[in-house]
Amino acid sequence: MKFEKLLQAISIFLVPIFILGIILKNILVIPALVSFFNLLLIIYFLRSKYLKHIIFKIYFGYQFLTLIFALFFALIFYSSSEIYNLLNYYEINEFYLTKATLAILVYDIITIGTIIFFSHKNIFQFRESKINKVYFFDIKNIEYLSIFIVLLISYSMKLYLMSINYWFILSDIDISQNSFANTATVLANLDLVILLYFSFQNNRKFLDFLILILVSTISLIFAFISFSKAKIFLICIPLLIIISKLKYAKLYCVFLFILLINVGTFFEYFSYLRINSERTILENTEQFLIQDNNKDIIIEEDPIIRRLGYQFILAKCIKYIDNHNFQYNPKIYANNISGLIPRFLWKNKPEMGVDMNSIGFNLGLLSNTDFITSVGLRPIGEAYYFLKYIGILFVPIFLGLLLYLISQYFSDKYWIGFLISTLFIIEISLSDWFNLLLPSLIKIFILNYFIAVIMNKNFDGKQQKINIKLK
């Protein structure tokens with residue numbers, strides 16, 4: 001308790017210093033203050049009774065990482081001249097960055113406001129859903145057999161994807177020539193279910209602890225060598241949940257935050273290993289350290305800015321839409337309804353979604369010879385790109401209602417509700433586009449619910465379950 005009060009005192013002391021530092025630096029003052037206010041708003045409501053469910057912590061945590069953090073990072077670690085170079089690189093100015101941060105603030109306010117509105121009015125209130133409690137089998141230690149089978153499938157699929165060069169973020173294979181790759185990608189992420197299973201536990205056996213260490217290590221290695229922030233984020237979620245249950249959890253989180261600031265070095269290191277695969281790991285490590293010590297990092301090439309700097313991409317998107325002939329395209333969101341119809345029922349079902357490569361080319365983020373790379377705008381960027389201001393109003397209302405329904409129907413006090421709601425929010429958080437969100441959530445439920453039911457048990461003797469054993 002004393003430690004928490006110490007952290008609060010330090011935070012109260014640092015807030016005015018940070019604000020004063022922004023003002024004295026005299027660059028991007030308004031965007032920084034808007035983003036800082038947005039962060040305080042998120043923290044305040046996460047401590048309220050309306051956003052107690054775990055999904056809100058995950059969603060707004062990722063929202064902070066992708067739409068707030070990079071701006072603070074640039075202001076703290078780079079000079080004014082370097083920040084101006086970054087604005088020139090994205091061909092934006094402070095006006096468009098201010099407009100982007102205000103759009104993010106409005107987007108978050110509407111999302112939170114929608115959740116609070118439905119909670120306060122008791123609209124769509126559900127009784128405690130039986131879907132959270134059901135289990136099929138009453139066999140001792142069946143969860144360990146399930147863990148083994150799920151991990152075998154997951155890691156086999158990861159190795160398969162690596163063998164066809166599809167596991168890596170820089171993959172350039174033709175997916176039409178590897179029809180199984182998409183299915184394998186879904187199955188490869190099943191190790192997340194196992195990590196979430198251990199993160200839900202409060203009391204672990206020694207065997208559970210050993211399995212957790214082993215799975216965490218292997219999964220993190222696979223995630224880092226993919227160079228994908230999404231894959232790393234997937235594995236970090238259950239680990240952060242485990243840490244949150246430890247004594248001095250906030251101290252560990254501060255340590256992890258320091259690691260986050262230096263995560264770019266890990267991306268560069270694994271990229272260097274992949275490029276120079278003919279040399280041993282020891283030789284590569286030695287050469288990388290020598291090269292890294294003699295290299296000056298350019299701000300636009302900083303891995304944190306490149307992978308998490310969506311404020312700057314949003315600002316560029318806003319500038320493009322504001323200066324070109326704009327046409328509303330609400331039909332793109334109708335894919336959430338038509339996408340629910342399976343292809344075996346709709347044989348001539350067209351390809352759905354958006355061409356993220358052509359959008360990247362339109363925004364000037366990709367060259368006219370790059371037909372592979374896709375650009376993610378985040379759902380707020382998608383909303384502005386297709387619906388402009390109307391999108392900033394209606395998409396967060398849809399999002400807020402969806403988050404509210406998930407929190408009401410899937411209780412994070414039960415294993416099944418915890419797993420499904422967490423997988424849902426990870427998909428929502430990582431999605432750069434919402435135009436096919438509902439079909440994705442349906443697929444996640446179908447794939448993972450049966451696994452969750454098999455692994456369900458009476459955690460800590462607190463869970464009353466409905467037994468529908470198969471005879």
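- Shortest non-hydrogen contact noted between Ser440 and Glu427 is CB-OE2, 3.6 Å.
- Put simply, the side chain of Ser226 gets close to the backbone of Ala223: a donor and an acceptor are under 3.5 Å apart.
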Set out, in order, the CA-CA distance, both residues' side-chain angles and the distance that settles side-chain contact (heavy atoms from CB on, under 4.5 Å) for Leu387 and Ile332, then state yes or no.
CA-CA 10 Å; Leu387 295 175; Ile332 194 71; over 6 Å; no

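- Formation of a donor-acceptor pair under 3.5 Å by the His53 side chain with backbone atoms of Ile406 is not found in this model.
- Ring-plane geometry between Tyr197 and Trp415 is classed as perpendicular, the angle between the planes exceeding 60 degrees on a 0 to 90 degree scale with a lower cut at 30.
- Counting heavy atoms from C-beta outward, Leu234 and Leu430 have side chains that approach closer than 4.5 Å.
- When every heavy atom of Pro396 is checked against every heavy atom of Gly391, the shortest pair comes out as CD-O, 3.5 Å.
- With a 4.5 Å cut-off on side-chain heavy atoms, Thr114 and Tyr404 do not count as touching.
- Side chain of Lys57 to backbone of Lys52: a donor-acceptor contact under 3.5 angstrom is found.
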Which is it for Tyr107 and Leu67 under the side-chain contact (heavy atoms from CB on, under 4.5 Å) test, yes or no, and what are the steps along the way?
CA-CA 11 Å; Tyr107 188 92; Leu67 292 171; over 6 Å; no

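- Taking the six-membered ring where the residue is Trp, Phe434 and Phe398 present perpendicular rings, their angle passing 60° and hence far from 30°.
- When the ring-ring contact (aromatic ring centres under 6.0 Å, His included) test is applied to Phe209, no partner is found at least two apart in sequence or on another chain.
- Between the NZ atom of Lys49 and the CD1 atom of Ile116 there is a distance of 10.0 Å, given to the nearest 0.5 Å.
- Proximity of Trp433 to Leu377: side-chain heavy atoms (C-beta onward) are separated by under 4.5 Å at one or more points.
- When side chains are defined from C-beta on, Gln311 does not count as touching Tyr90, because their heavy atoms never get closer than 4.5 Å.
- Put simply, the side chain of Asn435 does not reach to within 4.5 Å of the side chain of Phe386, judged on heavy atoms.
- Of the possible donor and acceptor atoms, none in the side chain of Asp191 sits under 3.5 Å from a partner among the backbone N and O of Ser154.
- Side-chain contact between Gln408 and Phe118: absent, with no pair of heavy atoms (C-beta onward) separated by less than 4.5 Å.
- Annotation: side chain of Leu71 is in contact with side chain of Leu97 (closest heavy-atom distance under 4.5 Å).
- When all heavy atoms of Ala100 and Leu314 are compared, the closest pair comes out as O-CD2, 3.7 Å.
- For Tyr328, the OH atom sits in a packed shell: over 12 heavy atoms of surrounding residues, nucleotides or ligands are nearer than 6.0 Å.
- Under the 30°/60° scheme for interplanar angles, the aromatic rings of Tyr389 and Tyr384 are found to stand perpendicular.
- Judged by distance alone, the side chain of Ser421 and the main-chain N or O of Phe418 form a donor-acceptor pair under 3.5 Å.
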Which is it for Ile241 and Leu195 under the side-chain contact (heavy atoms from CB on, under 4.5 Å) test, yes or no, and what are the steps along the way?
CA-CA 10 Å; Ile241 295 172; Leu195 288 173; over 6 Å; no

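- In terms of modelled atom types and a separation under 3.5 Å, the side chain of Ser429 and the main chain of Ile426 share no donor-acceptor contact.
- A ring pair (Phe, Tyr, Trp, His ring centres under 6.0 Å) with Tyr155 is found for exactly one of Phe148, Tyr160, Phe222, namely Phe222.
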Worked check of side-chain contact (heavy atoms from CB on, under 4.5 Å) between Leu145 and Ile149:
CA-CA 6 Å; Leu145 176 61; Ile149 294 172; 4.0 Å; yes

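- Using a 4.5 Å heavy-atom threshold, the side chains of Ile147 and Phe198 count as touching.
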